[in-house]
Amino acid sequence: MRMKETAPARLMCAIFLTPIIALGLIFLILWLGLRPHAPKFHIHEFSVPGLSLGQPNGFENASVSFNVTARNPNRQVRILYESLDGSVYYRDYQVGSVPLLNSFKQDPKNTTTLRYELSGAMMMSTVSNQSWAEFTNDRARGTVIFRLQFKSVIQYKKSMWDLRHHRMHANCDVGVGSDGLILPNFRGKKCHTSLS
């Protein structure tokens, strides 16, 4: 008799739980399929011509050139960049800054090459005496580490769906030798990208 009382209860649980579990699986599959991935940045070339000559106390006469690729790793999601700005840092000191691109879209599985040179008014004129002393010491040792930073506000788009805006930061640590050219172990290096 106890068996007859639990059979309807089991049937009722199965009737209510089966659609809930099925909907949960559908939402999980949709979320995994639509979840966008952050763009991937890789540094290929970086140089500071004239680094071996040295400057008296700053970077005002220096120039920095770089070649970086930005890849959209998503299969079906387009990335819309509102703008893209690039900055070069030595330690925590900003050496130069430039707006790279106005708003543009990057289709799925697409790579965009960013090849730019910062010079003249884009470069900061003077640095503190302590920072310049650290820079000349690093140059004398044969390795100067710079940080190339990209900032943008991006939005993901899948067919008709516009997903929310994200602030994107990509940081590329790059080392140059005393000749001002990128060191081999930094060539092709992946940059750290974060979204907020």
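All values reported here derive from a predicted model rather than from experimental measurement.
In this structure, Lys151 NZ and Met168 CE are separated by 10.5 Å, a value rounded to the nearest 0.5 Å. Within the model, atoms CD1 of Ile29 and CZ of Phe27 stand 12.0 Å from one another, a figure rounded to the nearest 0.5 Å. Of the inter-residue distances, the one linking Ser103 atom OG with Leu84 atom CG reads 11.5 Å to the nearest 0.5 angstrom. Going from atom CZ of Arg78 over to atom CD of Gln106 covers 11.0 Å, rounded to the nearest 0.5 Å. Rounding to the nearest 0.5 angstrom, the gap separating the CD atom in Gln149 from the SG atom in Cys172 is 9.5 Å. Atoms OG1 and CG, from Thr112 and Asp107 in turn, are 9.0 Å apart once rounded to the nearest 0.5 Å.
In terms of heavy atoms, Tyr81 sits closest to Ser152 at CD2-OG, 3.6 Å. A pairwise comparison of heavy atoms in Pro39 and Pro73 identifies CA-CD, 4.0 Å as the closest pair. Residue Ser63 comes nearest to Ser119 through the heavy atom pair CB-CB, 3.7 Å, listed as atom of the first residue, atom of the second, then distance. Across every non-hydrogen atom of Thr193 and Ala170, the tightest pair is OG1-CB, 3.9 Å. Residues Ser87 and Ser97 approach most closely at OG-OG, 3.3 Å, considering heavy atoms.
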side-chain contact (heavy atoms from CB on, under 4.5 Å) evaluation trace for Phe150 with Val68
CA-CA 10 Å; Phe150 299 99; Val68 175; 3.9 Å; yes

Step-by-step side-chain contact (heavy atoms from CB on, under 4.5 Å) determination, Thr143 to Ile145
CA-CA 6 Å; Thr143 301; Ile145 304 295; 3.8 Å; yes

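If you check the side chains of Arg71 and Thr111, you find a donor sitting under 3.5 Å from an acceptor. With hydrogens and angles left out, the side-chain atoms of Asp138 and Tyr90 include a donor and acceptor closer than 3.5 Å.
The shortest side-chain heavy-atom distance between Ile154 and Leu195 falls under the 4.5 Å cut-off. Put simply, the side chain of Thr113 reaches to within 4.5 Å of the side chain of Asn67, judged on heavy atoms. Under the 4.5 Å side-chain criterion, counting only non-hydrogen atoms from C-beta, Lys105 is not in contact with Lys157. Asp85 places a side-chain heavy atom less than 4.5 Å from the side chain of Pro99. Contact annotation: the side chain of Ile182 never approaches that of Glu45 to less than 4.5 Å [non-hydrogen atoms, C-beta and beyond]. For the pair Leu100/Tyr116, a side-chain contact is recorded, criterion being any heavy-atom separation below 4.5 Å from C-beta on. Side-chain contact between His44 and Thr69: present, with at least one pair of heavy atoms (C-beta onward) separated by less than 4.5 Å. Put simply, the side chain of Asp92 reaches to within 4.5 Å of the side chain of Arg147, judged on heavy atoms.
Put simply, the side chain of Asn74 gets close to the backbone of His37: a donor and an acceptor are under 3.5 Å apart.
Taking the six-membered ring for Trp and thresholds of 30 and 60 degrees, Phe46 and Phe66 have nearly parallel ring planes, at less than 30 degrees apart.
The environment of Asn102 atom CG is sparse: at most 12 non-hydrogen atoms of other residues, nucleotides or ligands sit within 6.0 angstrom. More than 12 heavy-atom neighbours from other residues, nucleotides or ligands sit within 6.0 angstrom of NZ on Lys109. More than 12 heavy atoms of other residues, nucleotides or ligands shown are found within 6.0 angstrom of CZ on Arg141.
Through side-chain heavy atoms spaced under 4.5 Å, either directly or across other Ile, Leu, Val, Met, Phe, Trp or Tyr residues, Tyr89 is tied to no other residue.
The same ILVMFWY cluster, assembled from side-chain heavy atoms under 4.5 Å apart, contains both Phe186 and Val95. Cluster membership for Phe146 and Leu114, using ILVMFWY side-chain heavy atoms within less than 4.5 angstrom, is shared. Under the 4.5 Å side-chain heavy-atom criterion for Ile, Leu, Val, Met, Phe, Trp and Tyr, Val153 and Val98 are members of distinct hydrophobic clusters.
Of the residues listed (Arg91, Arg139, Glu134), the one engaging Val144 in a side chain to side chain contact (heavy atoms under 4.5 Å, CB included) is Arg139, and it is the only one.
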